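A short write-up of the structure that comes next.
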Amino acid sequence: MSCSAAWRAAVAAVLMIILCSRLAVARVHPSHGGSLATRRRDNVPGGVGGCALAVEPFGYPCEEREVTTVDGYILSLQRIPRGRHAGAVGAGAGLGQPVLLQHGVLVDGMTWLLSSPEESLAYILADRGFDVWIANTRGTRWSSRHVSLDISSKDYWDWSWDDLVVNDMPTMVDYVCTHTAQKPHFVGHSMGTLVALAALSEGRLVDKMKSAALLTPVAYLAHMTTPLGILLAKAFVGEAISVLGVAEFDPVAPAVTNLIKDLCRHPGTNCYDLLRDFTGKNYCLNNSAVDVFLDYEPQPTSTKTMVHLAQTYRDGVLSKYDYMWPNINEEKYGQPDPPAYNMSNIPAGFPLFLSYGGQDELADPADVGLLLGDLMGHDRDKITVQYLEQFAHADFVIGTCAKDYVYNDVISFFNRFN
């Protein structure tokens with residue numbers, strides 16, 4: 001395959017990742033009462049943070065926090081220091097074990113807060129005595145500021161998920177450590193697991209976190225399967241966006257929403273259940289959960305991040321961002337090809353919990369199997385693997401039964417290493 005053909009194939013796969021990574025949740029149905037863009041943009045009043053919007057109405061204490069990365073991005077975190085019925089404790093004093101929750105691509109920290117207190121991981125952890133911190137990656141609703149760059153500029157969006165590995169995740173973990181005087185546990189979903197795995201493979205944060213729970217772990221994407229894959233491969237939308245120089249990838253922008261409409265006209269496309277088409281048949285995700293999700297998500301990310309994910313799908317290898325031109329890679333990395341992240345370099349004694357589903361068409365079981373192969377040398381008493389045949393991608397974060405099947409086991413795992 002020529003270089004240009006390989007590039008076209010790579011960026012065509014971008015859209016596959018885009019839609020599967022939660023835009024896929026959008027079912028085309030008139031009952032949604034307006035466009036996806038209108039619903040997401042208008043549902044959150046300006047200046048209202050996650051605490052006031054989602055947490056405090058349920059009776060939980062909540063704190064809005066900010067931290068600035070080395071490269072100038074101002075990131076928001078929401079902190080739920082204790083449960084609803086815990087006694088009033090002074091800020092920073094006598095709090096429980098901290099846990100940092102990291103969302104996936106094209107969403108933000110709200111994904112941990114969309115269900116009821118009995119079903120959302122953030123509330124469940126707080127009610128079990130944990131000090132919960134919710135991360136919001138750069139470019140999302142509450143992490144959209146920079147010390148000098150305007151969000152409308154191309155320079156603001158000039159980053160890939162490599163930068164989350166190097167800057168965002170370490171900055172937030174350091175902040176939690178500093179303000180609690182404890183090492184946090186970590187929970188990631190989807191791309192949140194990818195960032196954590198890449199960081200750990202480079203030795204980052206190993207000495208600053210107690211453990212990591214990885215829900216639908218993503219390190220490989222070669223076996224990702226979706227019914228609409230052929231249509232998307234022909235669309236080349238990722239390439240078109242790159243050629244036009246669009247640095248921000250906003251899932252509710254007209255270019256993407258119009259594409260969805262076009263795909264929905266294709267024979268055999270089930271636009272009333274795109275979630276199933278892209279992520280697999282979720283086991284315990286009801287219609288009300290989908291509707292609540294669409295009230296607040298999806299969120300933008302950088303086009304560069306989407307291209308980077310497409311490269312992972314194309315190459316079958318987890319590597320740093322490929323600039324495609326050997327001379328640019330040489331300038332960035334000191335070699336003509338981007339360096340690979342080696343999962344087998346994750347320290348064998350670092351506690352890991354991995355949970356994945358048999359129906360997941362994003363974190364496909366075959367790809368998770370490749371990751372588990374890389375971790376064969378991990379200390380047996382420091383790694384827990386949970387396989388749920390009936391679960392698909394969204395079940396792990398907004399499924400109504402995730403508490404019984406996943407979250408209770410995550411908490412038991414954390415308690416082993418407190």
Side-chain angles (χ1 to χ4, degrees), residues 3-4 6-23 69-73 75 102-108 136-141 143-146 148-171 190-192 194-195 198-199 218-219 221 232 235-253 255-256 259 298-315 317-333 337-341:
C3 180
S4 61
W7 175 248
R8 287 197 301 273
V11 279
V14 167
L15 184 59
M16 190 181 301
I17 309 268
I18 292 163
L19 298 176
C20 345
S21 303
R22 289 297 193 292
L23 182 57
T69 65
V70 172
D71 55 347
Y73 289 84
L75 308 179
Q102 177 61 62
H103 60 81
V105 68
L106 295 176
V107 294
D108 65 358
N136 295 273
T137 296
R138 62 179 65 188
T140 57
R141 173 177 22 225
S143 294
S144 59
R145 292 181 296 136
H146 190 277
S148 61
L149 300 174
D150 189 271
I151 193 171
S152 63
S153 70
K154 290 182 180 180
D155 287 343
Y156 176 94
W157 296 100
D158 186 18
W159 47 270
S160 78
W161 59 258
D162 284 333
D163 296 279
L164 309 184
V165 173
V166 174
N167 293 308
D168 287 30
M169 185 175 174
T171 297
S190 195
M191 198 179 79
L194 173 65
V195 172
V218 174
L221 292 169
L232 297 174
F236 296 119
V237 172
E239 180 181 53
I241 291 171
S242 296
V243 169
L244 290 173
V246 178
E248 174 188 3
F249 192 93
D250 189 346
V252 302
V256 179
L259 174 70
Q299 295 293 309
T301 189
S302 67
T303 299
K304 196 172 177 181
T305 288
M306 305 314 298
V307 172
H308 195 179
L309 290 170
Q311 292 172 353
T312 304
Y313 169 77
R314 174 198 67 190
D315 299 336
V317 177
L318 189 63
S319 301
K320 294 184 184 294
Y321 185 82
D322 188 351
Y323 289 88
M324 297 306 293
W325 299 100
N327 60 320
I328 300 180
N329 284 334
E330 190 79 45
E331 178 184 336
K332 298 286 186 180
Y333 308 122
D337 296 311
Y341 290 103

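We count residues from 1, following the sequence as given. Remember, predicted model here, so these are calculated numbers, not experimental data.
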Could you report the tightest heavy-atom contact between [X] and [Y], atom names first, then the distance?
X	Y	result
His103	Asn136	NE2-CA, 3.6 Å
Lys320	Gln311	O-OE1, 4.4 Å
Pro338	Asn329	CD-ND2, 3.8 Å
His308	Ser319	NE2-O, 2.8 Å

- Message: Tell me if a side-chain donor or acceptor on Gln299 pairs with a main-chain N or O of Thr140 at a distance below 3.5 Å.
- Response: no
- When you check the side-chain N and O atoms of Thr137 and Gln102, is any donor under 3.5 Å from an acceptor? yes
- No-hydrogen, no-angle side-chain donor-acceptor test under 3.5 Å, Ser152 and Asp150: yes
- Message: Is there a side-chain contact (heavy atoms from CB on, under 4.5 Å) between Leu106 and Met306? Walk through the geometry before answering.
- Response: CA-CA 10 Å; Leu106 295 176; Met306 305 314 298; 4.2 Å; yes
Pairwise distance [atom1]([X]) to [atom2]([Y]) - rounded to 0.5 angstrom:
X	Y	atom1	atom2	answer
Tyr333	Ile328	OH	CD1	10.5 Å
Leu309	Leu221	CG	CG	6.5 Å
Ser302	Tyr156	OG	OH	10.0 Å

- Electrostatic pair Asp162-Lys332, nearest N-O below 4.0 angstrom: no
- List the steps, then state whether side-chain contact (heavy atoms from CB on, under 4.5 Å) holds for Lys304 with Asp158. CA-CA 7 Å; Lys304 196 172 177 181; Asp158 186 18; 3.2 Å; yes
- Item | Worked verdict on Asp155 versus His146 for side-chain contact (heavy atoms from CB on, under 4.5 Å) | CA-CA 11 Å; Asp155 287 343; His146 190 277; over 6 Å; no
- Task: Kindly indicate whether the side chain of Arg138, heavy atoms from C-beta on, has any atom under 4.5 Å from the side chain of Asp163.
- Result: yes
- Message: As a quick check of understanding, evaluate side-chain contact (heavy atoms from CB on, under 4.5 Å) for Leu194 and Leu318, giving each step before the final call.
- Response: CA-CA 9 Å; Leu194 173 65; Leu318 189 63; 3.3 Å; yes
- Item | Identified side-chain contact (heavy atoms from CB on, under 4.5 Å) partner of Thr303 from the options Thr305, Thr301, Val307 | Val307
